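These notes are about the structure you will find just below.
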Number of protein chains: 2
Amino acid sequence: MNQTRRDVFQAISDPTRREIIGLLARRSLNLNKVADHFTMSRPAVAKHIRILTECGLVVVQTRGRETFCQADLKGLKQVSDWANTYQEFWNDKLDALERFLDEDPCDENL
Amino acid sequence: MNQTRRDVFQAISDPTRREIIGLLARRSLNLNKVADHFTMSRPAVAKHIRILTECGLVVVQTRGRETFCQADLKGLKQVSDWANTYQEFWNDKLDALERFLDEDPCDENL
DNA sequence: TTTTTTGGAAACCGTATGGTTTCATTTACA
DNA sequence: TGTAAATGAAACCATACGGTTTCCAAAAAA
């Protein structure tokens with residue numbers, strides 16, 4: 001649970017964290033409310049939330065004894081942009097067969 | 001390096017694998033050619049490629065003694081679609097402040 | 001002022017991850 | 001036919017990951 005390689009791609013690689021994102025996108029919740037949606041323990045959820053904050057997808061804000069978790073998903077644009085770079089692969093404009101035939105098998109000699 | 005949780009999100013969480021995707025999107029390469037782009041060992045690259053094949057993003061095809069690696073990035077649509085679900089967060093239509101103000105602080109009592 | 005509620009923090013655990021080196025095998029080439 | 005190229009496979013390693021339980025502290029409520 002260190003600070004290495006804490007980028008958005010790694011943050012969203014875990015299904016639990018994607019679920020947390022889904023929850024917080026609709027409304028802010030405190031930690032216990034988030035944890036209530038899962039069968040795992042509260043500390044486990046807390047660790048996921050920490051990871052999400054470490055890459056800026058979630059912002060926490062202490063109010064009294066509660067920790068309010070708020071989604072800030074601008075960072076997902078990076079993911080969207082990256083994936084969309086390869087849109088041609090699923091856009092029908094150029095299907096897999098076409099790509100295969102287009103490809104010069106001698107490219108390997110570069 | 002087992003077969004657990006080998007989904008697209010996990011596959012693209014590693015920067016090396018995203019780089020491999022970038023390479024193979026332009027042209028198919030055999031394993032050694034891919035490995036030439038990295039400082040790490042060939043077996044390390046081979047493992048990354050195996051992970052990419054396990055979720056369908058890369059297809060390998062043995063020809064003689066060579067293993068040709070070909071990208072098939074239709075699986076990235078899933079990533080794009082998921083991220084785009086949250087477009088509103090970076091679309092200016094609704095900026096963070098607005099979201100914050102829109103939010104009913106009493107939602108927490110659900 | 002007790003007692004809940006809320007959650008931080010630490011210690012621990014099993015397994016996955018990302019890498020290495022070494023060795024064997026198959027194919028191509030001189 | 002010997003040799004080089006291309007790769008698979010296995011063993012190994014350190015650390016990250018995802019989870020747990022336990023305990024403590026602070027704020028809120030009774």
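Proteins get letters first, then strands, A, B, ... in listed order; numbering begins at 1 in each. All of these numbers come straight from a predicted model, not from anything done at the bench.
Between A:Ser80 and B:Asn84, the side chains place a donor N or O and an acceptor N or O closer than 3.5 Å (distance only, hydrogens not considered).
Closest to the side chain of B:Ala46, out of D:dG8, D:dT21, C:dT20, is D:dG8. The listed nucleotides are D:dT20, D:dG18, C:dT22; the one nearest the side chain of A:Arg17 is D:dG18.
Distance, A:Asp7 CG to D:dA16 P: 15 Å, rounded to whole Å. The nearest whole Å value for the distance from the CE atom in A:Met40 to the P atom in D:dC17 is 16 Å. One can place NZ of A:Lys47 at 12 Å from P of C:dA9, the figure rounded to the nearest angstrom. Atom CZ in A:Arg50 sits roughly 15 Å away from atom P in D:dA16 (whole-Å rounding). When the C1' atom of D:dG18 is taken as reference, atom CG of A:Asp14 falls 8 Å away, rounded to whole Å. The CG-C1' distance, from B:Leu29 to D:dT7, rounds to 15 Å in whole Å. The nearest whole Å value for the distance from the CD1 atom in A:Ile49 to the C1' atom in D:dG18 is 15 Å. One can place CG of B:Leu52 at 14 Å from C1' of C:dT17, the figure rounded to the nearest angstrom.
The shortest non-hydrogen separation linking B:Ala83 to A:Val79 is CB-CG1, 4.2 Å. The nearest pair of heavy atoms linking A:Ala25 to A:Leu73 is CB-CD1, 4.1 Å. Contact record, A:Phe38 with A:Val45: CD1-CG2, 4.1 Å, taken as the closest heavy-atom pair.
Here the side chain of A:Arg42 pairs no donor or acceptor atom with the backbone of A:Ala35 at under 3.5 angstrom.
Taking for each of A:Gly64 and A:Pro43 the nucleotide of DNA chain D with the nearest heavy atom, the 5'-most of the two is the partner of A:Pro43.
With rounding to the nearest 0.5 Å, the separation of CG in A:Asp14 from NE2 in A:His48 is 4.5 Å. Here the CZ-CH2 distance, from B:Arg18 to A:Trp82, works out to 6.5 Å after rounding to the nearest 0.5 Å.
For A:Ser41 and D:dG19, the shortest distance from a side-chain N or O to OP1 or OP2 is not below 4.0 Å. The phosphate of D:dC17 has neither OP1 nor OP2 within less than 4.0 Å of any side-chain N or O from B:Gln10. Checking the phosphate oxygens (OP1, OP2) of C:dG19, a side-chain nitrogen or oxygen of B:His48 falls inside 4.0 Å.
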What pairs of nitrogen or oxygen atoms, one from the protein and one from nucleotides 2-6 of chain D, lie under 3.5 Å apart?
from  : atom 1 : to      : atom 2 : distance (Å)
D:dA5 : O4'    : B:Arg65 : NH1    : 3.4
D:dA5 : N3     : B:Arg65 : NH1    : 3.2

